[in-house]
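Scroll down for the structure; my scribbles are underneath it.
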Amino acid sequence: MEFTAQQIAAFLQGEVIGDPNVRVSDLAKIEEGHEGALSFLANPKYTEYVYSTQSSIVLIDKSIELAGEVKATLVKVADARAAMGMLLNMVQAALNPKKQGIEQSSFIDASVSVPADAYVGAFAYLAKGVTIGEGSQIYPQVYLGENVKVGKNCIIYAGVKVYHDCVIGDNCILHSGCVIGADGFGFAPVNGEYQKISQIGNVILEGDNEIGANTTIDRATMGHTVIGHGTKLDNLVQIGHNVVTKENNIFCSQVGVAGTTKIGSWNTFAGQVGVAGQCTIGDQNTFGAQSGIPGNIGSGNTLMGYPVIPAREWARQAVYLKRLPDMQADIQKLKKELAK
């Protein structure tokens with residue numbers, strides 16, 4: 001696919017600085033640019049590359065001020081990163097148009113009605129009572145258990161398993177290997193053994209959710225495990241039974257949230273954060289990588305460590321921790337002098 005700077009600017013409502021007719025047919029990092037490539041500059045730390053890049057067009061934040069001559073044609077936009085995302089989505093849609101129809105060797109129960117503009121791939125299994133929304137894409141080897149509801153314009157990639165009675169809202173993307181609605185981890189000691197507690201609830205994805213590869217969201221013991229609207233889960237995330245999140249949270253890879261925890265809106269959980277069960281977490285918090293959350297957290301915090309503390313305090317402690325061996329040697333030396 002090929003675009004001119006003028007076409008790109010019109011699509012993004014940007015301003016062209018340079019040749020509006022220059023064309024691009026490829027994408028590249030600004031430091032690895034070449035003729036015919038489109039790059040972007042959103043972080044001022046990379047400004048030095050805009051003067052030497054060989055890319056033909058560079059999307060650039062209006063807020064970035066340039067001090068020298070630039071060879072590339074610039075397209076100034078309010079947010080270059082978001083604008084690049086819009087272009088990538090457009091290219092993705094053009095290169096991978098939606099499929100329609102039902103491929104052979106899939107199993108679809110007689111009770112299931114597949115919309116004309118939806119797609120069901122080979123070896124997919126749609127059990128009794130499943131509903132599929134318009135425009136949804138069910139790729140090969142997907143399993144949808146009894147009474148699963150899939151909304152409109154969803155993409156469920158190969159190998160996804162959705163257990164019975166779970167609800168997938170509109171515009172969700174489920175990546176390969178993720179499991180929605182497996183049993184929550186519930187056992188009770190009875191007569192010297194662990195007896196399983198049946199998990200009879202379900203999972204609800206409210207919509208506009210993206211669930212990464214090999215991520216698992218457990219069904220509720222009773223009631224619902226809920227992933228709020230717009231919340232995104234990376235690969236290898238574990239969400240326990242009866243967890244309820246509100247909208248627009250981010251869970252990075254290998255985060256684990258134990259059962260019955262309640263999470264507000266616009267929180268960011270960096271990689272490998274662990275959250276204890278039955279906690280309540282407020283809104284707009286950021287938790288640094290490998291943090292541990294053992295109890296309730298309010299709103300508007302930036303926290304790290306275990307147990308989590310303000311990030312700056314954690315950084316100071318980390319500095320002193322490195323000095324502990326020298327401090328211990330100094331203490332021993334002082335003890336000997338005092339003893340004399």
Side-chain angles (χ1 to χ4, degrees), residues 112 124-133 136-139 141-187 196-265 267 269 275 277-281:
V112 179
Y125 185 101
L126 279 59
K128 181 180 179 181
V130 166
T131 60
I132 304 293
S136 286
Q137 310 279 285
I138 312 299
Y139 277 75
Q141 297 181 330
V142 167
Y143 170 82
L144 302 180
E146 290 188 0
N147 302 315
V148 165
K149 293 179 173 58
V150 177
K152 298 178 181 178
N153 299 313
C154 292
I155 301 175
I156 303 183
Y157 284 108
V160 170
K161 308 295 187 290
V162 183
Y163 283 37
H164 60 92
D165 299 319
C166 292
V167 179
I168 311 299
D170 295 342
N171 306 309
C172 288
I173 300 174
L174 278 58
H175 288 279
S176 292
C178 75
V179 178
I180 310 298
D183 281 359
F185 196 63
F187 301 89
K196 182 177 178 62
I197 299 173
S198 294
Q199 310 289 293
I200 62 172
N202 72 344
V203 173
I204 299 175
L205 307 186
E206 290 189 339
D208 289 303
N209 306 114
E210 185 156 352
I211 310 300
N214 294 325
T215 282
T216 58
I217 305 174
D218 290 348
R219 70 191 312 107
T221 305
M222 295 178 285
H224 315 289
T225 300
V226 180
I227 304 300
H229 189 274
T231 288
K232 318 295 185 185
L233 279 64
D234 196 359
N235 303 331
L236 298 168
V237 172
Q238 156 68 19
I239 303 295
H241 61 87
N242 289 96
V243 169
V244 175
T245 84
K246 292 185 179 178
E247 65 272 8
N248 297 314
N249 294 287
I250 294 291
F251 295 85
C252 297
S253 183
Q254 299 180 38
V255 167
V257 182
T260 322
T261 288
K262 312 299 181 189
I263 297 172
S265 304
N267 295 286
F269 298 81
V275 185
Q278 303 180 18
C279 296
T280 299
I281 296 172

In Å, rounded to the nearest 0.5 Å, how long is the span from [atom1] of [X] to [atom2] of [Y]?
{"X": "E247", "Y": "N209", "atom1": "CD", "atom2": "CG", "value": "11.0 Å"}
{"X": "S176", "Y": "K161", "atom1": "OG", "atom2": "NZ", "value": "9.0 Å"}
{"X": "D165", "Y": "N147", "atom1": "CG", "atom2": "CG", "value": "5.0 Å"}
{"X": "I173", "Y": "I168", "atom1": "CD1", "atom2": "CD1", "value": "12.5 Å"}
{"X": "T216", "Y": "I211", "atom1": "OG1", "atom2": "CD1", "value": "10.5 Å"}
{"X": "T131", "Y": "L126", "atom1": "OG1", "atom2": "CG", "value": "9.5 Å"}

If only atom types and distance count, is the side chain of [X] paired as donor or acceptor with the main-chain N or O of [Y] below 3.5 Å?
{"X": "Q238", "Y": "G256", "result": "no"}
{"X": "Q199", "Y": "I197", "result": "yes"}
{"X": "T215", "Y": "C178", "result": "no"}
{"X": "R219", "Y": "G201", "result": "yes"}
{"X": "T231", "Y": "K246", "result": "yes"}
{"X": "D234", "Y": "S253", "result": "yes"}
{"X": "N249", "Y": "G264", "result": "yes"}

Q) Have H224 and N202 got a donor and an acceptor in their side chains that come within less than 3.5 Å? A) yes
Donor-acceptor contacts under 3.5 Å from residues 148-156 side chains, at least two apart:
residue : atom : partner : partner atom : Å
N153    : OD1  : K98     : NZ           : 2.8

Q. Given the rule in the side chain to side chain contact (heavy atoms under 4.5 Å, CB included) test, do V112 and L144 qualify, once you have shown the distances and angles that lead to the verdict?
A. CA-CA 11 Å; V112 179; L144 302 180; over 6 Å; no
Q: Under the side chain to side chain contact (heavy atoms under 4.5 Å, CB included) rule, what do F269 and V275 come out as? Steps first, then yes or no, please.
A: CA-CA 10 Å; F269 298 81; V275 185; 4.0 Å; yes
So do [Y] and [X] actually touch side chain to side chain, heavy atoms under 4.5 Å?
{"X": "N248", "Y": "S265", "answer": "no"}
{"X": "F251", "Y": "I263", "answer": "yes"}
{"X": "I200", "Y": "M222", "answer": "yes"}
{"X": "V203", "Y": "I239", "answer": "no"}

Q: Mind running side chain to side chain contact (heavy atoms under 4.5 Å, CB included) on L205 and L174 for me, showing each step along the way?
A: CA-CA 11 Å; L205 307 186; L174 278 58; 4.0 Å; yes
Can you name the nearest heavy-atom pair linking [X] to [Y], along with the distance?
{"X": "H229", "Y": "E206", "result": "N-OE1, 3.1 Å"}
{"X": "C172", "Y": "G207", "result": "SG-CA, 3.8 Å"}
{"X": "V179", "Y": "Y163", "result": "CG1-CE1, 3.8 Å"}
{"X": "T225", "Y": "D218", "result": "OG1-O, 2.8 Å"}

Q: Measure the acute angle between the ring planes of Y157 and Y139, then classify it against the limits of 30° and 60° as parallel, tilted or perpendicular.
A: tilted
Q: With sequence neighbours left out, write down each residue that passes side chain to side chain contact (heavy atoms under 4.5 Å, CB included) with N242, or none if nothing qualifies.
A: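 Side chain to side chain contact (heavy atoms under 4.5 Å, CB included) check on N242 returns A220, T221, T260.
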Q.
N235 vs N214, test: side chain to side chain contact (heavy atoms under 4.5 Å, CB included). Steps then yes/no.
A. CA-CA 6 Å; N235 303 331; N214 294 325; 6.0 Å; no
